[in-house]
Amino acid sequence: MAKIGVFVCHCGENIASMVDTGTLVKAMSDHPGVAICNEYKYFCSDPGQETVKRAIREHNLTGVVVAACSPRMHETTFRKACAEAGLNPYMLELANIREQCSWVHSEKNQATSKAIEITRSLVEKVKRNNELKPISVPVTRRALVIGGGIAGIQAALDIAGAGREVVLVEREPSIGGHMSQLSETFPTLDCSQCILTPRMVEAIQHPKITVMTYSEVEEVEGYIGNFTAKIRKKARYVDMSKCTGCGDCIQKCPVKKIPSEFECGLGKRTAIYTPFAQAVPNVPVIDKSRCTYFKNGKCKICEKSCQIDAIDFEQQESVETFEFGAIVVATGFQIQDTSVYGEYGYGKYKDVITGLHFERLASASGPTAGKIQRPSDGKEPETVVFIQCAGSRDPSKGVKYCSKICCMYTAKHAMLYTHKHHGSNSKIFYMDIRAAGKGYDEFTRRAIEEDGADYLRGRVSKVFEENGKLIVRGVDTLLGKPVEVAADMVVLATAMTPQPDAKQFAKRIGIGYDEYGFYNEAHLKLRPVETAKAGIYLCGACQSPKDIPDSVAQASAAAAKVLGLFSREQLEREPVVAAVGETTCAGCWGCVYACPYNAIEKKDITDRNGNLIKQVASVNPGLCQGCGTCVTFCRSNSIDLAGFTEKQIFAEVMAL
Amino acid sequence: MGIQEQYRSEAAALLSSGEVKLVIGFGEGSTADRRRPLFARTPEEAQKFVLDAACIANLSTYLVTEGLLSDGKKVAVFLKPDGIRSVNILISEAQLKPDQVVILGYAIDKAEITALEGRNISDFSLGEEIRSHTPPPHILQEAERIEEMNPAERFEFWKAHFSKCIKCYACRQVCPMCYCRRCIVDVNQPQWVSTSSHTLGNFEWNIVRAFHLAGRCAACGACDRACPVNIPLRLVNYRMGKEVIDAFDYCAGENSSQKPVLASFKQDDPETFIL
Amino acid sequence: MIYSPFPMRVVSKRAEAPGVNTLKLEFVKEEDHEFFKQNYKTGMFGLYGIFGEGESTFCVASPETRKDYIECTFRQSGRVTSTLANVDAGDIVTFRGPYGNRFPIEQFEGKNLLFIAGGIALPPTRSVIWSCLDQREKYKDVTIVYGARTVADLVYKDELDEWKKRDDVRLVLTVDPGGETPDWQDHVGFVPTVLEQAAPSPENTIAVLCGPPIMIKFTLVALQKLGFTAENVYTTLENRMKCGVGKCGRCNVGSVYICKEGPVFTAAEVQAMPQADL
Amino acid sequence: MTRILLRNKLDDCIAAWQKAGFSVFAPVRQHEMSSFGEVQKASDMAFDLVLPERTIKDHFFPQTEPLIKYKIGKQQIDSETMTPPDRKRVFFGVRPCDASGLAIDDPLFGWDYKDDYWFRRRDNSVIVTIVCTEADDFCMCTSVKLSPESDKGADVMLRPLANGAGWQVEAVSERGTALLETIPSLLQENSEPTAPVPQVAEKFDLEKVMEWLASKENFESQFWKDISLRCVGCGSCTFLCPTCHCFDIQDEGDTYAGIRRKNWDSCSFSLFTMHTSGHNPRNTQSTRWRQRIMHKFNYYRGKFGVNSCSGCGRCTRQCPVDMGITETLQAISNLPR
């Protein structure tokens with residue numbers, strides 16, 4: 001029969017102060033199948049591990065239970081020890097008598113009897129453990145980076161820099177993302193374009209990076225190391241291989257009054273356009289919905305103006321398929337639809353704008369060439385009111401979270417405004433000032449102390465127009481008094497929200513998301529750049545609101561994960577995967593619908609002559625994450641999870 | 001021509017034209033008030049079909065007989081709305097191919113039999129009808145009575161009934177939804193459900209079955225009628241069905257493209273621990 | 001009481017082939033041992049068990065000439081056999097039996113013996129083989145034809161070597177095509193074919209044939225071709241059993257309770273049973 | 001002149017038996033089901049039943065019977081054989097078919113290896129049979145050569161009086177005689193006429209059936225496939241049968257202790273004969289139904305000289321798809337020869 005070794009760890013005083021380890025050792029020594037039971041102060045220490053190894057060898061143990069802390073802490077430690085002593089590492093179980101016992105109890109007797117129950121139930125489990133071997137999966141060492149903002153660019157550059165191929169997909173005509181729209185960046189006030197453009201150029205020129213702009217990821221199939229992605233290239237109607245980016249076509253285009261998306265509607269663009277002057281690639285696209293030729297069948301002025309025949313009205317969209325080993329999702333964010341704040345008059349009053357508008361007004365390459373002007377009449381505003389948390393931290397408007405960057409950019413806006421407009425007057429309504437970050441608090445202090453930003457703690461209840469002024473009515477909660485400010489312009493620090501199609505896209509590639517649509521990481525603290533789907537990583541604001549430094553840091557972290565994966569040709573995966581019993585599978589496909597990872601397929605069972613006998617479910621071990629959802633569902637118990645078989649779980653429960 | 005004659009000749013025609021290989025209907029039973037399933041393979045046998053208010057069994061259970069439909073040929077079957085509902089569930093669970101079943105639909109209203117139009121499963125849209133359909137008054141009354149009990153009383157009620165169970169599995173065998181090739185009670189590694197029919201083992205079995213039918217039961221009452229020791233099984237399944245409608249707005253068998261309510265993962269699952 | 005087993009101590013465990021083990025068991029209580037010594041005859045079976053898991057039926061693989069212990073050989077497949085496969089020397093298991101009928105080996109005396117076995121069905125044959133070899137002088141020629149799917153699947157490898165070396169035993173070993181290893185010296189082919197090639201004489205010969213149903217079917221044909229009559233061919237049936245004593249109704253083949261009237265039958269008796277129920 | 005027991009003496013009778021150390025069982029109705037249950041007084045009994053839904057077999061071969069208790073210890077496993085209670089019991093109001101059922105099963109439980117669990121109960125029980133006054137559409141005792149007044153398996157026979165006031169009493173075994181000796185004062189000499197015994201028509205020709213079943217070529221007849229088409233393979237007919245006796249042995253317990261049990265099993269179940277190899281000799285419902293019929297009307301008789309059917313008709317009465325032995329045997333006897 002089984003010969004199990006049980007090792008009771010004191011964890012210093014962590015366990016021993018609440019659990020009577022002597023009693024536990026005695027109880028386990030008397031348990032059927034236990035060959036040896038020891039206690040020690042720290043089994044995770046070197047001498048502790050040595051004790052375990054020696055016991056395995058001396059007693060020919062068939063299984064080991066370490067009664068200590070959470071398996072999250074030391075499962076790997078002891079698995080390694082087992083393997084070194086010649087025992088299959090999956091013949092180990094950790095009985096968590098710390099987090100689940102000593103730490104949560106205050107009565108020693110109760111804690112001790114609970115520790116006994118926990119430990120013996122693991123002993124009963126380990127008796128039924130099977131030797132498992134890691135699964136080897138081949139790895140395609142090419143990465144897909146989805147999203148060409150600063151996060152995506154950084155991740156692509158880091159991965160390519162280490163010599164691995166990258167395909168960078170951006171759905172807009174140019175990479176750059178939101179960062180390219182910004183004027184100066186906090187807390188150093190260096191010009192956003194100036195630091196971004198070199199990166200963009202580096203990316204497009206990198207021999208290992210294929211940049212696919214105006215393209216979207218249609219579909220992702222497969223699993224870690226072995227993804228297949230279909231990428232749809234939208235028709236640009238400009239031959240990228242020919243275009244030199246001279247801009248003649250743009251000059252000649254007769255449709256000139258289209259509000260520019262890049263300029264947040266503050267500027268205009270043509271029907272054939274590049275979103276901004278420094279666009280990468282510097283190749284225009286034709287906006288089919290606005291182009292006269294596409295609408296009326298006549299015009300083609302751009303074609304005529306192009307010296308090198310780069311315009312191609314016949315161009316079709318195409319779908320290309322690539323194999324990838326890893327995917328970095330960097331799809332970024334959007335700003336909240338500010339119309340939810342009807343009381344602030346956004347959309348009603350032209351001079352109520354968002355922070356992003358303000359960025360364009362302040363940008364030297366923007367529609368006003370960097371002059372802060374009112375959109376309504378082009379006058380320079382004397383008094384500007386900034387309203388922070390105009391969307392964030394407001395559950396009634398659907399956003400409970402803090403958008404993290406607004407405190408900083410509002411301070412920056414006030415500062416830029418003062419710099420450009422001496423003697424101007426900025427009033428900032430705020431709830432709290434959150435300026436945790438290197439140089440951040442100093443930055444906000446500077447806005448207040450050096451640049452005269454006037455911070456009013458309180459909420460704004462209403463913005464309305466009176467005599468050509470925007471009257472901002474609110475409360476100064478520090479004074480406890482209502483305030484009214486007559487402003488020339490109001491800037492709303494709107495919330496960062498996920499892309500409107502974030503949830504749909506997550507479903508397409510099979511990753512999880514939270515209630516808003518921000519993508520879920522595998523573990524908030526310990527695995528912040530991985531998703532629960534192995535091989536797919538996250539960076540930037542698609543995961544949660546982030547500023548540039550954080551996005552870039554996370555992008556490098558994601559790249560490090562990808563490179564770690566790419567460091568070997570074969571990937572070893574945990575063998576904790578499900579498998580289907582084909583004789584009893586009834587083929588109802590419940591498991592197929594239940595699987596969060598799309599790891600279960602339909603498989604034909606044929607006789608020797610190839611005639612179809614029946615269809616059964618089949619688990620792809622490469623995709624399976626061992627979550628067990630299918631097991632709990634299967635009515636005929638035809639699926640079992642290696643390492644957590646029903647037999648093991650049943651024995652565990654029965655021993656309680 | 002009454003519906004019985006109409007269906008006899010229709011069944012005969014289906015058989016003689018070779019459209020179906022088999023018609024499953026009802027024939028005379030061993031006593032005047034009983035009807036028994038009748039399998040006709042020839043037009044002559046089809047003349048023995050009986051259709052009247054005593055034809056209450058849900059014949060869809062025979063459609064999942066192992067091997068019956070594996071040759072790809074068609075089978076016609078006499079079905080009431082609850083049977084049609086079962087067929088919808090079976091199709092959605094991939095146990096039947098819609099084009100293999102010809103439905104001779106009928107409804108019983110008191111002692112009256114009416115024919116239902118349509119022969120393909122797609123001809124029947126049951127949606128609202130099923131939702132508004134309530135169990136017979138005496139069942140409903142009993143269900144309400146149990147609902148009003150306190151938990152201890154309710155436990156005693158079921159204990160008394162379940163302790164009678166002899167584990168003959170007639171409830172399972174007559175149920176069209178119990179098509180598993182190996183039932184959970186026949187799994188012995190581990191032995192999830194005791195084979196013994198003592199009160200505990202009986203509880204285990206009946207509760208497991210109730211769970212396995214939650215969101216899948218067509219409420220035909222076959223289990224209840226089959227139980228040789230008169231356990232009011234449909235009350236259990238009625239309650240589970242109600243629970244599923246309330247919690248998930250899901251009524252089993254409304255159509256044949258439903259996904260299993262308790263086994264369809266949604267990416268926006270409020271619990272984030274899986275994905 | 002009728003369903004109460006004897007406790008048995010595991011003396012040793014030997015791995016025979018992938019998933020196949022042999023246990024050697026000794027009696028814990030002397031009175032149980034006495035009972036066994038008085039009642040055991042080759043061919044009988046028992047129910048081997050472990051409390052908490054249940055009982056499983058297989059033959060006693062040791063001969064009636066060696067009654068100090070019980071050997072049993074089984075493939076790990078169900079709940080009970082999986083647990084039995086994990087016992088070690090010193091552990092206690094249970095035995096209920098010996099049950100059933102036997103090979104009438106005293107009627108074999110003075111005759112040639114032909115043993116034919118396939119795969120995991122060598123154990124019941126081995127019980128007769130040793131019962132006869134231990135009294136070698138009572139029998140004439142002894143031929144053993146044994147085949148398995150692959151070389152690894154052959155059981156009792158040590159004893160096969162021993163038989164091979166003896167000059168009073170003719171051993172014909174074979175593995176199915178594709179099951180041979182590079183250094184395999186013996187036959188490659190299915191048992192019926194190899195048997196026909198070996199062509200033992202049916203003259204004054206008793207054949208004992210054990211194996212999976214499909215092998216039995218074709219080997220019987222081969223034996224007939226060689227001139228054996230069904231009355232002179234013995235086999236054992238291994239039906240599913242629970243009680244072992246003719247009550248539980250499980251092992252019926254036609255009117256025959258395999259557990260009481262069997263498991264040993266002549267081929268003629270087997271042919272008289274409803275074939276569809278086998 | 002015979003002795004009678006008046007209905008109004010029944011309470012005294014029960015009391016007298018209890019005093020003599022017997023527990024008294026009779027047909028009762030509980031939780032919408034009729035069965036044999038322990039009674040304390042006459043009013044507990046359900047006399048209006050043609051036949052209780054559950055058979056008397058339940059009390060001799062219970063649906064689950066503990067055989068061995070075991071404890072798993074560190075060094076060893078302790079086991080203890082469990083024996084059925086020795087309690088003396090009177091079964092009052094047993095129908096002739098149910099009583100016959102016990103007699104039919106006796107040889108099976110007794111050949112070679114005596115099943116102590118069955119016989120200990122049999123030896124401590126006295127069967128008081130009441131002759132039928134009513135039969136329903138499903139009754140078929142006469143078809144299997146028994147009758148509504150058969151005393152097979154009985155210790156005491158009661159014949160209902162025509163006036164309904166009581167029963168004519170007659171001991172038919174030593175055990176019966178001994179039982180009546182505990183209630184001499186409650187019995188009186190009387191010559192009241194007894195109620196007529198119902199006419200139960202013979203539904204099939206048993207001789208013809210047995211002859212057909214005995215013929216080897218019929219074993220593979222298409223008949224079996226056709227007749228069993230609608231069988232859903234539940235075990236209700238076997239579990240409600242007074243003679244079916246198939247069982248399973250199962251260990252049930254937790255990590256440390258448990259009980260080995262003998263549980264009812266049924267030849268109707270698809271896994272009943274499944275080998276570990278996956279081979280299943282009776283892998284279709286038709287072969288299982290054939291086994292049931294063959295076992296009852298051919299094999300059993302070959303071994304023990306009686307058919308394993310007492311004609312109670314429960315198999316048809318409670319079949320969810322209106323099948324049963326009667327229909328099959330009728331069909332066999334109507335087959336063209």
Side-chain angles (χ1 to χ4, degrees), chain A residues 128 503-504 506-515 517 519-522 524 531-533 581 583-598 602 611-617 625 627-630 632-638 640 645-654, chain B residues 64 66-72 89-97 172 175-194 204 208-217 250 252 257-275:
Chain A
R128 291 155 181 85
K503 291 183 182 180
Q504 277 164 278
K507 286 178 190 170
R508 227 183 293 156
I509 63 172
I511 59 173
Y513 48 82
D514 66 13
E515 57 182 304
Y519 298 153
N520 284 341
E521 58 291 310
L524 190 62
T531 65
K533 182 158 175 169
T583 46
T584 54
C585 172
C588 73
W589 312 138
C591 55
V592 175
Y593 301 121
C595 179
Y597 303 94
N598 299 322
K602 299 173 187 178
N611 301 316
L612 183 69
I613 298 170
K614 62 170 184 173
Q615 281 192 309
V616 297
Q625 295 292 307
C627 72
T629 309
C630 54
T632 56
F633 157 75
C634 183
R635 286 182 289 272
S636 64
N637 270 47
S638 299
D640 220 347
T645 60
E646 304 224 342
K647 216 172 157 180
Q648 291 171 297
I649 304 293
F650 189 79
E652 240 183 297
V653 174
M654 289 309 276
Chain B
V64 289
E66 213 176 332
L68 178 72
L69 294 170
S70 56
D71 58 2
I89 303 171
L90 288 171
I91 291 172
S92 68
E93 296 184 1
Q95 302 303 309
L96 284 181
K97 293 204 179 76
R172 172 186 79 185
C175 178
M177 297 316 138
C178 279
Y179 52 73
C180 284
R181 287 171 180 85
R182 176 186 63 180
C183 177
I184 177 81
V185 294
D186 296 323
V187 173
N188 73 353
Q189 294 192 76
Q191 189 86 48
W192 284 111
V193 180
S194 321
E204 288 171 346
V208 163
R209 198 176 118 78
F211 272 99
H212 282 189
L213 282 170
R216 307 172 62 238
C217 171
Y250 180 101
S257 52
Q258 286 172 312
K259 283 190 178 169
V261 62
L262 297 183
S264 293
F265 183 78
K266 293 200 176 104
Q267 225 93 15
D268 47 3
D269 193 294
E271 298 289 351
T272 54
F273 66 92
I274 293 175
L275 199 66

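Quick note on labels: first sequence line is chain A, next is B, and so on, each numbered from 1.
Neither the backbone nor the side chain of A:Lys503 comes within contact range of chain B; no heavy atoms are under 4.5 Å apart. Heavy atoms of B:Gln189 lying under 4.5 Å from chain A belong to its backbone as well as its side chain. For a residue to count as touching a neighbouring chain, one of its non-hydrogen atoms must lie under 4.5 Å from one of that chain's; by this rule B:Ser264 touches chain A with backbone and side chain alike. Contact annotation for B:Arg209: neither backbone nor side-chain heavy atoms come within less than 4.5 Å of a heavy atom of chain A.
The greatest number of non-hydrogen atom pairs below 4.5 Å with chain B, out of A:Thr583, A:Thr584, A:Leu612, is found for A:Thr584. With chain B as partner, the option from A:Ile613, A:Asn637, A:Thr629, A:Thr531 having the largest number of non-hydrogen pairs under 4.5 angstrom is A:Asn637.
Other residues, nucleotides and ligands place more than 12 heavy atoms under 6.0 Å from the NZ atom of A:Lys614.
Residues B:Ala94 and A:Gly587 come closest through the heavy atom pair CB-O, 3.5 Å. Residues B:Ala263 and A:Phe633 share a closest heavy-atom pair of CB-CD1, 3.0 Å. In terms of heavy atoms, A:Phe650 sits closest to B:Gln191 at CZ-O, 3.2 Å.
Between the CD1 atom in B:Ile184 and the OG atom in A:Ser638 there is a gap of 9.0 Å [rounded to 0.5 Å]. Atom NZ of B:Lys266 sits about 13.5 Å away from atom OH of A:Tyr593, to the nearest 0.5 Å.
One N or O on the side chain of B:Arg182 and one on the backbone of A:Ser636 form a donor-acceptor pair closer than 3.5 Å. Without hydrogens or angle criteria, B:Arg181 side chain to A:Cys585 main chain gives a donor-acceptor distance under 3.5 Å.
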**Working for side-chain contact (heavy atoms from CB on, under 4.5 Å), residues B:Tyr179 and A:Arg635** = CA-CA 10 Å; B:Tyr179 52 73; A:Arg635 286 182 289 272; 3.2 Å; yes
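Remark: the B:Trp192 side chain and the A:Glu646 side chain contain an N/O donor-acceptor pair separated by less than 3.5 Å.
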